[in-house]
Amino acid sequence: MTENTRIGSNDKTTSGTPPVRVRYAPSPTGMQHIGGIRTALFNYFFARSRRGTFILRVEDTDQTRFHPEALEDIYESFRWLGISADESPAAGGDYGPYVQSQRLELYREHARRLVEAGRAYWDYTSASVQRSEGEEAVPYNYSGRNLSESQIREYQEEGVTPVLRLLVPAEGEAVFEDLVLGRIKRKHKDLPPDPILMKSDGYPTYHLANVIDDHLMEISHVLRAQEWVPSTPLHLLIYGAFGWDPPQFAHLPMVMGKDGSKLSKRHGSTSLVEFRRQGYLSEAVTNYISLLGWSLDDSREFFTRDDLESLFTLERINKAPAVFDYRKLEWFNGQYLRDLPEERLTAELLPYIQEAGWAQSPASAADRDRLVALLPLIRERLKVLSDVVPLLRFVYEEVQQWPLEELIPKQADAASAAVWLDAAWQVVVQTGTDDEQTLDDALRVAAEKLDTKLGNLLMPLRVAITGSRVSPPLVGSIRELGMERAAARVAGARRVLESETN
RNA sequence: GUCUCCUUCGUCUAGUGGUUAGGACACCGGGUUUUCAUCCCGGCAACGGGGGUUCAAUUCCCCCAGGAGAUGCCA
């Protein structure tokens, strides 16, 4: 905002403001998780709100952890969220390739430039200290800094492939103005000792590749998680070594689990596909995630993707980490679920019905119609789409058992329960389920005649019909079930009560 | 250990040099309702601590504490 006021316009054709170009740069090593998606979304919203360009770049420089499914998951996640990259491996663009493993020659060339400039060096002494995941790190002791020609030749004859290390100055410090956090400083001597830029397998590390690509792709703003703050000074050093101007940085607050540590698998579902499978709607997830570290004002919290594409601003990003609250997401989902158009809700629900084996796949018109008819019964009872299965089981499957203790209202006995069940069912049969109000009135009259509460009359019937004390509205349930099937269930429940009274 | 960042109800957050510190989720209570759910009403609940600066600090500064992140030939 301040920038707009100062410049007077953010129209890139009439002002000096460089165009906004941002990127989401995931590494295809696992399924997209909430934290990554939050970063993707914020980048996307920022780009759209500033009429800029949103780029997807695949950072696959760790071939040992690469998974093809993970790559597919990135695209699938974007599709589901309804966002698309202006430039990406799939869409192409003028700054490609957008997959780092296809840019190796570029990195090598730049590596050479760094060595020639005396800002980096090939280290032959670290070849043996590779370690696997859990191992303790042994700090690098600069052993490769000043090797003699003959020493290098010796290593080369042994077949040692060197790693490229950045020559970190002993003096000085890096300072930058983070758009979210403000001024951040770090002394060069506090950086890791001469970090590796190029691995012995010929692939660049994140630090090198990210700097080269962001520069070459003319990235204007880097929006990434705060876990990157400590290595930003290192990146600045690399930009400086190349003689390049760095982009602007905006470090997003971390997303934490309930216990306050970085959100991870042990906090429950954290991957986008899992939420999707459980039946969260894309718009609910997007809305909830947008509020993780960002807010518009003191009251509004419902935002469509369109809203966010225009309302999102960096100024409203929070500094403090946010705890992921599954219950609030659930609430959001319920809200969205409740005012979904019938057609869409049906389409969203159908896969769960099919998975339960209650509908063909592809679904027939009859499958669809049946579900549509059931919608009013369950709509406001859904928190997630998968709730539909337990909610409608009594319709699609037969009731096998009528637990006696459920059948008998509190403080009553089997004999009275039987009387009430009979009376209630008789009223249903006589009145029919076509007109809910009429049936309702009739049931009330019957209860009064029997000198009991309406609930006592209905609970045995509810359990008879649905097999449970908790169910969708009774009258509608009976109607959807059909009188015949309902009658059979009443008879079944009646037998249970019978056997008890005898 | 070292470095960096962070700190308003349990959670997401708004906010200000002087406010009854606001909203939402959750929770509790009540109402509507044939159960559950929805819906409505009400309630509980926060400026981490200590120093400054100031007529006045939750707000500005410093210190402490706590939390998190980083410290990999992972990103």
Side-chain angles (χ1 to χ4, degrees), chain A residues 25-29 36 59-62 64-65 123 126-127 129-133 135-140 161-165 178 180-182 184-187 189-193 195-207 209-210 224-233 251 253-254 256 258 260-262 288 291-302 316 318-332 334 338 378-383 387 391 424 440 443-444 447 453-459 461-463 466 468-475:
Chain A
S27 64
T29 54
E59 310 226 325
D60 59 344
T61 53
D62 186 350
T64 61
R65 296 199 308 152
D123 167 26
S126 302
V129 298
Q130 278 186 57
R131 66 196 180 89
S132 50
E133 206 130 344
E135 270 175 82
E136 182 81 3
V138 183
Y140 173 60
T161 36
V163 294
L164 182 73
R165 286 185 184 273
D178 189 276
V180 171
L181 299 173
I184 292 174
K185 291 186 204 185
R186 192 173 183 187
K187 295 183 178 66
K189 69 173 175 56
D190 291 327
L191 287 172
I196 292 176
L197 300 181
M198 196 73 96
K199 307 179 235 181
S200 54
D201 64 2
Y203 281 71
T205 56
Y206 169 83
H207 305 298
N210 138 274
R224 61 186 4 169
Q226 270 177 24
E227 58 187 322
W228 292 107
V229 170
S231 48
T232 304
H251 286 96
M254 304 278 293
M256 312 301 234
K258 198 87 199 124
S261 69
K262 195 163 134 184
Y288 178 67
L291 262 12
L292 248 28
W294 179 86
S295 65
L296 181 72
D297 55 28
D298 62 340
S299 53
R300 183 168 174 195
E301 58 180 355
F302 279 94
R316 304 286 319 173
N318 215 53
K319 294 179 180 196
V323 173
F324 189 87
D325 185 354
Y326 292 84
R327 289 188 292 192
K328 185 142 190 185
L329 203 215
E330 205 172 64
W331 175 80
F332 264 114
R338 249 161 266 136
I378 57 164
R379 173 164 224 137
E380 64 208 23
R381 271 157 267 263
L382 295 173
K383 281 217 181 321
D387 286 341
L391 243 23
D440 195 69
L443 286 164
R444 278 172 205 283
K453 293 183 294 184
L454 184 60
N456 281 345
L457 202 61
L458 295 185
M459 191 49 81
L461 182 58
R462 178 186 308 283
V463 175
T466 67
S468 165
R469 299 180 82 103
V470 176
S471 82
L474 230 201
V475 174

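The sequence lines fix the lettering, A, B, ..., with proteins before strands; numbering per chain opens at 1. Only this structure's heavy atoms are used, side chains among them; waters, hydrogens and symmetry mates stay out.
Taking every side-chain heavy atom of A/Arg381 into account, B/rC36 is the closest of B/rC36, B/rU34, B/rC25. Distance from the side chain of A/Glu301 is smallest to B/rA24 among B/rU34, B/rG69, B/rA24. Side-chain atoms of A/Ala320 lie closest to B/rC6 of the nucleotides B/rC25, B/rU11, B/rC6. Checking B/rA75, B/rG69, B/rC3 against the side-chain heavy atoms of A/Thr205 singles out B/rA75 as nearest. Taking the side chain of A/Ile196 as heavy atoms from C-beta on, and the options B/rC73, B/rG69, B/rU34, the nearest nucleotide is B/rC73. Of the candidates B/rU4, B/rG69, B/rU71, B/rU71 carries the atom nearest the A/Pro192 side chain, counting heavy atoms from C-beta on. Closest contact between the side chain of A/Arg327 and the listed nucleotides B/rA26, B/rU38, B/rU33 involves B/rA26. Listed nucleotides B/rA75, B/rU38, B/rC6 differ in distance to A/Pro321; the shortest reach to its side chain belongs to B/rC6. Residue A/Leu181 places its side chain closer to B/rC6 than to any other of B/rA70, B/rC6, B/rU11. The listed nucleotides are B/rA75, B/rC12, B/rA14; the one nearest the side chain of A/Asn318 is B/rA14.
Put simply, CG on A/Leu296 is 16 Å from P on B/rA24, counting in whole angstrom units. As rounded to whole Å, 18 Å separates atom P of B/rU11 from atom CG of A/Leu329.
Shown here, B/rU54 forms no base pair; nothing in the strands shown gives a Watson-Crick or G-U wobble contact with both key distances under 3.5 Å. Judged by Watson-Crick or G-U wobble contacts below 3.5 Å, the nucleotide B/rA45 has no partner. Base pairing analysis places B/rA14 opposite nothing; no Watson-Crick or G-U wobble pair with both distances below 3.5 Å involves it. Judged by Watson-Crick or G-U wobble contacts below 3.5 Å, the nucleotide B/rU4 has B/rA68 as its partner.
Taking only distance into account, the side chain of A/Lys328 never meets the base of B/rA26 through a donor-acceptor pair shorter than 3.5 Å. For B/rU34, its base sits under 3.5 Å from the side chain of A/Arg462 at one donor and acceptor pair at least. Contact annotation: side chain of A/Ser200 to base of B/rC73, donor-acceptor pair present below 3.5 Å.
No contact: A/Arg300 has no heavy atom under 4.0 Å from any strand.
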